[in-house]
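To keep things clear, I will list the structure first and then write my remarks on it.
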Amino acid sequence: MKFNMDNKILIFGHKSPDADSICSALVMEKFCKNQGIDAEAVRLGDINKETAFILNYLGIEAPRLINNIEDGQKVILVDHNEFSQSVANIDKAKIEIVIDHHRIANFETAEPLYYRAEPLGCTSTILYKKFKENNMPIEKKEALLMLSAIVSDTLLFKSPTCTKEDEDCCIELARIADIDINTYGMDLLKAGTDLSDFTAEELINIDSKEFMKNDAKFQIAQISTASIEDVLKNQSDIEAAMTNFMNQNGCNLFIFLITDIINSNSQAIVLGDTALFEAKFRSKT
Ligand code: MG
Ligand code: MG
Ligand code: MG
């Protein structure tokens with residue numbers, strides 16, 4: 001067993017990282033550095049096309065890819081808390097800080113920590129508030145990273161998870177970054193909808209999360225598109241990939257959400273134990 005005595009803190013979002021997971025990690029790195037804390041944003045998987053668009057726009061590199069961490073590694077989690085969505089050996093880490101906007105589940109630490117959760121549309125909205133609370137100036141680069149994460153998570157303010165706070169903060173960030181939020185936002189969302197070169201297996205992995213409920217394991221994946229119809233042309237291939245994934249991962253239920261970013265509606269393909277789906281999701285709508 002190798003113990004990490006290095007003081008550097010690693011910051012990361014969830015597996016199958018979306019724009020918020022990458023952008024918020026990078027912004028949190030800046031926040032730490034401003035406070036004299038040695039920290040590095042890293043990632044737990046390939047970047048998606050939206051994130052590639054953002055990094056390319058800024059002319060910056062993606063954070064370093066990691067697959068596991070050393071025992072005792074100090075970490076900061078952004079945009080997730082559930083261990084099933086984190087680095088493989090997260091239970092061996094020393095979690096210092098969590099900044100998140102999701103439910104809290106399957107999460108436990110041995111020691112006290114700083115935990116900030118708010119029911120907002122995006123982790124970056126919370127980070128924006130942290131900068132404000134600490135009287136830290138926000139530079140153009142961080143403004144663009146944060147507003148991009150908000151656009152991505154809220155589908156340019158159209159998602160049901162978007163709050164007034166997300167929108168107000170995004171508009172203020174657009175002012176700092178000196179961009180037109182609607183033009184940039186649509187370009188960013190469109191960059192994420194080019195699915196032409198993905199196989200069915202890749203499609204179900206672009207933005208995919210594992211959840212545990214009692215003894216049941218379920219997977220929720222989501223893709224953005226300009227045409228749900230186009231995606232459904234490959235429905236049989238997608239269903240085969242989903243079934244294969246469930247068999248390989250001992251997964252009880254797979255929900256694949258296809259979101260139309262132009263008309264902001266979604267359609268789902270649900271496979272597996274649909275009774276579980278009824279119990280977990282129908283009751284909430
Ligand atoms: Mg996310
Ligand atoms: Mg998020
Ligand atoms: Mg997402």
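Heavy atoms only: backbone and side chains are in, while hydrogens, waters and symmetry mates are out. Both ligands and their constituent atoms are indexed starting at 1 by order of listing. Bear in mind that the values here come from a model prediction, so they are computed numbers and not experimental data.
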Within the stated cut-off of 2.8 Å, is an N/O/S atom of D20 closer than that to the Mg ion (ligand 2)?
->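 Short answer: yes, at least one N, O or S atom is under the cut-off.
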Examine all N, O or S atoms of H101, backbone included, and report whether one is under 2.8 Å from the Mg ion (ligand 2).
->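 True for H101.
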Which residues pass the ring-ring contact (aromatic ring centres under 6.0 Å, His included) test with F198, sequence neighbours left out?
->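 F198: no ring-ring contact (aromatic ring centres under 6.0 Å, His included) contacts found.
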In H14, which N, O or S atom comes closest to the Mg ion (ligand 1)?
->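 Going by distance to the Mg ion (ligand 1), the closest N, O or S atom in H14 is NE2.
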Judged by modelled atom types alone, do T51 and N48 share a side-chain donor-acceptor pair under 3.5 Å?
->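 Distance-only check passes for T51 and N48.
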Going by distance alone, is a donor N or O of one side chain under 3.5 Å from an acceptor N or O of the other, for T123 and S24?
->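 T123 vs S24: no donor-acceptor pair found between side chains.
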Report yes if the distance between the aromatic ring centroids of F245 and F256 is under 6.0 Å, otherwise no.
->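 No, the ring centres sit 6.0 Å or more apart.
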Between E82 and R103, does at least one N-O distance fall below 4.0 Å, as a salt bridge requires?
->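 The answer is yes: the pair qualifies as a salt bridge.
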Looking only at N, O or S atoms, find the one in D153 nearest to the Mg ion (ligand 2) and name it.
->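 D153's closest N, O or S atom to the Mg ion (ligand 2) is named OD2.
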Rounded to 10°, how many degrees is the angle OD2/D18-the Mg ion (ligand 1)-OD2/D79?
->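 Between OD2 of D18 and OD2 of D79, the angle at the Mg ion (ligand 1) is about 120°.
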